[in-house]
Amino acid sequence: MSFLELQDITKSYGTLNAVSDVTLSVEKGEFVSLLGPSGCGKTTTLQMIAGFVEPTSGTIRLDGRDITHAKANSRGLGIVFQSYALFPHMTVFDNVCFGLEMQRVPKGERRPRVEEALELVHLAAYAGRYPRELSGGQRQRVALARAIVIRPPVLLLDEPLSNLDAKLREAMQFELRDIQRKVGTTTVMVTHDQAEAFSISDRVVVMESGRITQIDQPYRIYEHPETEFISRFVGKTNLLPGTVQAVNDRAATVSLGGVPVEIDAGALVRGDTVTLCIRPEKLRLTGSGLGRLPGRVAERYFLGSQWLYHIDGPLGTLMAVTPNDGSAPLDTGEPVGLDWTPSVVRVHRGRLAEAPDPTLEAH
Ligand SMILES: Nc1ncnc2c1ncn2[C@@H]1O[C@H](COP(=O)(O)OP(=O)(O)OP(=O)(O)O)[C@@H](O)[C@H]1O
Ligand SMILES: [Mg+2]
């Protein structure tokens, strides 16, 4: 049995199922992220674990104990809410100390524990300030310290870093992972930021419209997305609708609007309608006349560590990303070849509802 178990959890509001049949097992010490677009049920799921929202049906177990209907304060979990509510009339120190008082931790132990927690979030120098005297990011870190200080069996984090600037956010992601490893706390984090979910989680749980559609290690979610939605939501991707023309032992030929493309066969049969997904970084730009397809640079975008190109060709406009290795980028209008290794092509059955606009995919 896992440390934290959600079994067939559903939460309905009238006719809306905010969360449907969610089953999830989290091991002790594991860091799991719930990832998905706005409104997919992440916060509702977290609030049910926390005890602030009661499931309509299903069971939640913590360390073997059924806590489905247990009061929130009896669960003793550490929580950082999406809207992290600090006590405005209390200093940073007192805000963090509050949980220890509630837990009746002996007075002599409180100060060192609060100081240690503030140290972990780099706010030791702000202990005497009031929340109104802090930036949004600093308040968010106080909320984190307040959750960690009680040494909870499970830490629940709802977009804990959303108010930090890009640099601090990245630094805090590593910090958070470090803190979590050091303290060994089982953690469930909600985020709609895939880079954040990937960089710090052991496993990522992808949610769509109240349901879990994939639970996997970050690398697997990115490389082997199980639904078309995931391949679109997670990272950038080129989506190419086609039809299987021929299948032999190992390879299949897919016709993409009349252009034949070879891929690994998998379990395809002739006539299947498919959508091929190729990540932009897996497309290699070669010299004109080489590679699998001809193309021409339509646009280029500087991303700092990479160049993103829109390449016009027989399959429409494809995105390709190359590392910025310091050499001169390609010019718009320049003819190129496009190449890839067949094994990098992911195949989804069925056809997209609408043709993808690469600029919209580029988020
Ligand atoms: N108390 C409520 N009453 C009615 N509907 C609700 C309630 N709470 C949430 N919902 C609905 O349930 C769905 C899931 O909401 P939830 O807050 O879990 O989404 P989320 O994934 O956390 O989104 P976000 O990324 O925007 O925070 C939404 O459609 C929301 O409108
Ligand atoms: Mg939310």
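All heavy atoms count here, side chains included; hydrogens, waters and symmetry mates do not.
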Of all heavy-atom pairs between Gln194 and Gly235, which one has the smallest distance, and what is that distance?
NE2-N, 2.9 Å

Identify whether the distance between the nearest side-chain nitrogen and carboxylate oxygen of Asp193 and Arg169 falls below 4.0 Å.
yes

Can you get from Val254 to Val259 by hopping between Ile, Leu, Val, Met, Phe, Trp and Tyr side chains that sit under 4.5 Å apart?
yes

Decide whether Tyr13 and Ile49 are clustered together by the hydrophobic rule: side chain heavy atoms of Ile, Leu, Val, Met, Phe, Trp, Tyr closer than 4.5 Å, transitively.
yes

Measuring from atom OG of Ser135 to atom OH of Tyr126, what distance do you get when rounded to the nearest 0.5 angstrom?
7.5 Å

Would you say the side chains of Asn17 and Ser12 form a donor-acceptor pair under 3.5 Å?
yes

Distance only, no hydrogens: is a donor on one side chain within 3.5 Å (strictly under) of an acceptor on the other, for Thr59 and Gln7?
no

Are there more than 12 heavy atoms of other residues, nucleotides or ligands under 6.0 Å from atom CD of Glu27?
yes

When you compare the side chain of Arg146 with that of Val80, does any pair of heavy atoms fall below 4.5 Å?
no

State yes or no: do Val142 and Tyr130 share one hydrophobic cluster built from I, L, V, M, F, W and Y residues joined by side-chain heavy-atom distances below 4.5 Å, directly or via other members?
no

Looking only at side chains, do Gln173 and Ser199 share a donor and an acceptor under 3.5 Å apart?
yes

Give the intermediate values and the outcome of side chain to side chain contact (heavy atoms under 4.5 Å, CB included) for residues Met207 and Thr45.
CA-CA 10 Å; Met207 293 186 71; Thr45 303; 3.6 Å; yes

To check you understand the geometry: which heavy-atom pair defines the closest contact between Ala117 and Val96, and what is its length?
CB-CG1, 4.3 Å

Would you call Arg61 and Asp66 a salt bridge, taking side-chain N to carboxylate O under 4.0 Å as the test?
no

Determine whether a donor-acceptor pair (N or O, by modelled atom type, separation under 3.5 Å) exists between the side chain of Thr68 and the backbone of Ile60.
yes

Hey, are the side chains of Glu133 and Val92 touching, using non-hydrogen atoms and a 4.5 Å cut-off?
no

Checking side chain to side chain contact (heavy atoms under 4.5 Å, CB included) for the pair Ile221/Val234: CA distance, chi angles, key distance, verdict?
CA-CA 8 Å; Ile221 301 263; Val234 171; 4.2 Å; yes

Taking the side chain as everything from C-beta on, heavy atoms only, tell me whether Val205 gets closer than 4.5 Å to Leu35.
no

Membership question, hydrophobic clusters at under 4.5 Å side-chain separation (ILVMFWY): are Phe98 and Leu123 in the same one?
no

Shortest non-hydrogen pair, Met172 vs Leu161, comes out as CB-CD2, 3.9 Å

Can a cation-pi geometry be assigned to Arg203 and Phe31, taking NZ or CZ under 6.0 Å from the six-membered ring centre and within 45° of the ring axis?
no

Do Arg177's NZ or CZ and the ring of Phe174 fall within the cation-pi criteria of under 6.0 Å and 45°?
no

Would you give the length of the straight line joining atom CG of Leu308 to atom CG of Leu303, rounded to the nearest 0.5 angstrom?
5.5 Å

Taking 4.0 angstrom as the limit, do Asp312 and Arg296 come out as a salt bridge?
no

Report yes or no: do Ser162 and Gln140 form a side-chain donor-acceptor pair below 3.5 Å?
yes

With distance as the sole test, does Thr243 use its side chain to make a donor-acceptor pair with the main-chain N or O of Thr273 at under 3.5 Å?
no

Charged N to carboxylate O below 4.0 Å: is that the case for Asp158 and Lys42?
no

Quick one: pull up NE2 in His224 and CD in Gln214 and give me the separation to the nearest 0.5 Å.
9.5 Å

With rounding to the nearest 0.5 angstrom, report the CD1 to CG distance, Ile79 to Leu155.
9.5 Å

Is it true that a side-chain atom of Arg270 and a backbone atom of Ala246 form a donor plus acceptor pair closer than 3.5 Å?
no

Before accepting this row, confirm whether a basic side-chain N of the pair Arg211/Asp21 lies closer than 4.0 Å to the acidic partner's carboxylate O.
yes

Side-chain contact, heavy-atom cut-off 4.5 Å: Val53 with Thr43?
no

Does Glu334 offer a backbone N or O that forms a donor-acceptor pair with the side chain of Asp331 under 3.5 Å?
no

Roughly how far, to the nearest 0.5 Å, is OG of Ser231 from CG of Asn238?
11.0 Å

Under a single-linkage definition using a 4.5 Å side-chain heavy-atom cutoff for Ile, Leu, Val, Met, Phe, Trp and Tyr, are Val121 and Leu134 assigned to the same hydrophobic cluster?
yes

Rounded to the nearest 0.5 Å, what separates atom CG in Asp264 from atom OG1 in Thr341?
10.0 Å

Salt bridge flag under 4.0 Å for residues Glu175 and Arg141
no

Answer yes or no for Arg292 and Trp340: cation-pi contact, defined as NZ/CZ to six-membered ring centre under 6.0 Å and angle to ring axis within 45°.
yes

Quick one, Thr227 with Glu208, criterion side chain to side chain contact (heavy atoms under 4.5 Å, CB included). Give me CA distance, side-chain angles, the key distance, then yes/no.
CA-CA 10 Å; Thr227 69; Glu208 298 169 39; 3.1 Å; yes

Hey, would you say the Phe302 and Trp307 ring centroids sit under 6.0 Å apart?
yes

Are any of the side-chain heavy atoms of Thr275 and Leu240 separated by less than 4.5 Å?
no

On a heavy-atom basis, which atom in Gln180 and which in Gly29 lie closest, and how many Å separate them?
NE2-O, 3.1 Å

Going by heavy atoms in the side chains, are Leu77 and Leu62 under 4.5 Å from each other?
yes

Is it true that Arg279 and Glu223 make a salt bridge, defined as a side-chain N closer than 4.0 Å to a carboxylate O?
no

Using a strict threshold of under 4.0 Å (side-chain N to carboxylate O), is an ion pair present between Asp272 and Arg349?
yes

Does anything in residues 47-77 form a ring-ring contact (aromatic ring centres under 6.0 Å, His included)? List the pairs, not counting sequence neighbours.
Phe52-Phe81

With distance as the sole test, does Ser74 use its side chain to make a donor-acceptor pair with the main-chain N or O of Ala70 at under 3.5 Å?
no

Answer yes or no: is there a donor N or O on one side and an acceptor on the other, between the side chain of Tyr222 and the main chain of Phe198, under 3.5 Å?
no

Is the closest side-chain heavy-atom distance between Val26 and Phe3 below 4.5 Å?
no

Looking only at non-hydrogen atoms, find the nearest pair between Pro260 and Thr253 and report the distance.
CB-CG2, 3.8 Å

Report yes if some heavy atom in the side chain of Pro335 is under 4.5 Å from a heavy atom in the side chain of Pro294; otherwise report no.
no

For Arg132 and Arg129, indicate whether the former's side chain and the latter's backbone hold a donor-acceptor pair under 3.5 Å.
no

How close do Ile67 and Arg75 get, counting heavy atoms only, and between which atoms?
O-NH2, 2.7 Å

Evaluate whether atom CD of Glu281 has more than 12 neighbouring non-hydrogen atoms of other residues, nucleotides or ligands under 6.0 angstrom away.
yes

Any chance the side chains of Ser327 and Asp325 put a donor and an acceptor closer than 3.5 Å?
yes

Taking the basic N atoms (NZ, or NE/NH1/NH2) and the acidic carboxylate oxygens, is any pair closer than 4.0 Å for Glu228 and Arg232?
no

Any donor-acceptor N/O pair, Ser2 side chain to Ser25 backbone, under 3.5 Å:
no

Verify whether one side chain among Glu226 and Thr213 offers a donor that lies under 3.5 Å from an acceptor in the other.
no

Could you tell me whether Arg151 and Glu116 have a side-chain N and a carboxylate O separated by less than 4.0 Å?
yes

Centroid separation Tyr301 to His310 less than 6.0 Å
yes

